[in-house]
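Treat the numbers as computed from the prediction; the structure is a model and nothing was measured.
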Amino acid sequence: MFRGNQPTPHHTSGIAIHDLAARLRGLPPSLGPVRLIGVDGHAGSGKSTFAGRLARALGGAPVLHLDDIASHEEFFAWTGRLRTQVIEPLARGEQARYTPYDWRTRAFGAPLPLPPAPVIVVEGVGAGRRALRPHLARLLWMELPAEESWARGRLRDGAEQREFWDGWIAAERAHFTADASRPHADLLVLQRPEGYEVLPGPGAAATADHGVTLSDGFSAMG
């Protein structure tokens, strides 16, 4: 949950990820003028790192971190705030303004702008939740088992966050039991030593896409 530490860099082929980005840019808008791309997965699975690399390949696309929408009191009960602060303005083609949450001070900050860019990446646990899926142009799932993801997250955040992680894991289990994202993912993102591999996901049939192999460790859908 805490992004104070910089993620470990991973080599990613510029050609491959730019190919994926081009395919996403070519999708029809899904929320007003915006192509909203969801990046979901277990906490600690590498969503922020991948979303940042994808956003750069998209020419500096805005990234909305759901850590900024959630809070200690509402790990997952943030749908209403996301709808009023982000979804509804973007649907009208207007600039959204959201109040980011500070996980250390436990307070919401001053509003930040989120323009209706051609592509916006929304990343975080719950990015593929039932209430958000109708607004997504594509849903990507970080394919890393829960226990491995959580172990990475605990290591990243250190012993001082042990109690937080105990509560978070219980809440995440309950969330995905009630509102699973992976079965609806269009693409699965696997982290490899040389970068990432992107494969068709369980929800790919619903989008009527076809697998197309890309170079340098990527497989994406046409």
Side-chain angles (χ1 to χ4, degrees), residues 1-27 35-67 117-128 136-158 165 169 172 176 180-205 207 209-222:
M1 299 296 294
F2 297 94
R3 298 193 301 277
N5 297 330
Q6 292 297 317
T8 302
H10 300 284
H11 171 71
T12 303
S13 164
I15 295 174
I17 201 166
H18 277 83
D19 194 332
L20 175 62
R23 294 166 188 268
L24 296 177
R25 280 195 301 266
L27 296 172
R35 294 150 187 84
L36 196 64
I37 307 299
V39 179
D40 204 340
H42 298 290
S45 61
K47 297 180 299 300
S48 296
T49 300
F50 178 77
R53 292 180 180 274
L54 178 60
R56 288 193 292 275
L58 287 162
V63 179
L64 175 64
H65 302 283
L66 290 178
D67 285 1
V119 182
I120 294 177
V121 180
V122 55
E123 72 83 18
V125 182
L136 298 177
R138 285 295 182 272
L139 172 60
L140 284 63
W141 173 267
M142 302 300 295
E143 187 74 339
L144 191 69
E147 296 297 337
E148 186 175 347
S149 297
W150 295 334
R152 285 173 47 169
R154 285 180 180 274
L155 181 63
R156 177 193 65 201
D157 292 342
W165 269 94
I169 289 173
E172 185 179 310
F176 280 133
S181 295
R182 189 184 182 280
H184 304 277
D186 302 298
L187 299 169
L188 301 178
V189 181
L190 294 79
Q191 186 174 316
R192 303 300 193 192
E194 68 278 5
Y196 296 94
E197 186 176 7
V198 183
L199 302 172
T207 60
D209 282 331
H210 304 283
V212 176
T213 300
L214 301 182
S215 61
D216 301 317
F218 267 78
S219 175
M221 294 158 56

Roughly how far, to the nearest 0.5 Å, is CD of Glu143 from OH of Tyr196? 14.5 Å

Determine whether a donor-acceptor pair (N or O, by modelled atom type, separation under 3.5 Å) exists between the side chain of Asp40 and the backbone of Trp141. no

Testing the basics here: between Pro145 and His42, what is the closest heavy-atom pair and its distance to 0.1 Å? C-CD2, 4.1 Å

If every non-hydrogen atom of Val63 is compared with every non-hydrogen atom of Ala51, which pair is closest and at what distance? CG2-O, 4.1 Å

May I ask you to test the Ser45-Val125 pair for a side-chain heavy-atom distance under 4.5 Å? no

Rounded at 0.5 Å granularity, tell me how far CG in Leu187 sits from CD in Glu197. 12.0 Å

Could you tell me the separation between the CZ atom of Arg53 and the CD1 atom of Ile17, rounded to the nearest 0.5 Å? 7.5 Å

Closest non-hydrogen atoms of Lys47 and Val39, given as atom of the first, atom of the second and distance, are CD-O, 3.7 Å

Where is the tightest heavy-atom contact between Leu58 and Ala61, given as atom of each residue plus distance? CB-CB, 3.7 Å

Rounded to the nearest 0.5 Å, what's the gap from CD1 on Ile37 to CG on Leu136? Could you check? 7.5 Å

Rounded distance (nearest 0.5 Å) linking atom CG of Leu199 with atom CG of Asp186: 13.5 Å

Once you round to the nearest 0.5 Å, how far does CG of Leu140 lie from CD of Glu123? 12.0 Å

For Arg35, salt bridge (charged side-chain N to carboxylate O under 4.0 Å, His left out) partners two or more places apart: none

Closest non-hydrogen atom pair, Pro183 against Pro202: O-CB, 3.4 Å

Answer yes or no: is there a side-chain heavy-atom contact under 4.5 Å between Leu66 and Val122? yes

Restricting to side chain to side chain donor-acceptor pair (under 3.5 Å), what partner residues turn up for Glu147, sequence neighbours left out? Arg173

Taking C-beta and beyond as the side chain, do Val121 and Phe50 meet within less than 4.5 Å on heavy atoms? no

Please report the shortest heavy-atom distance between Phe176 and Ser181, naming the atom on each side. CE2-OG, 3.7 Å

Should His65 and Ser48 count as side-chain neighbours, where that means a heavy-atom distance under 4.5 Å? yes

Return the set of residues passing salt bridge (charged side-chain N to carboxylate O under 4.0 Å, His left out) with Glu172 (not counting sequence neighbours), or none when no residue passes. none

Using side-chain heavy atoms (C-beta onward) and a distance below 4.5 Å, is Leu54 in contact with Leu24? yes

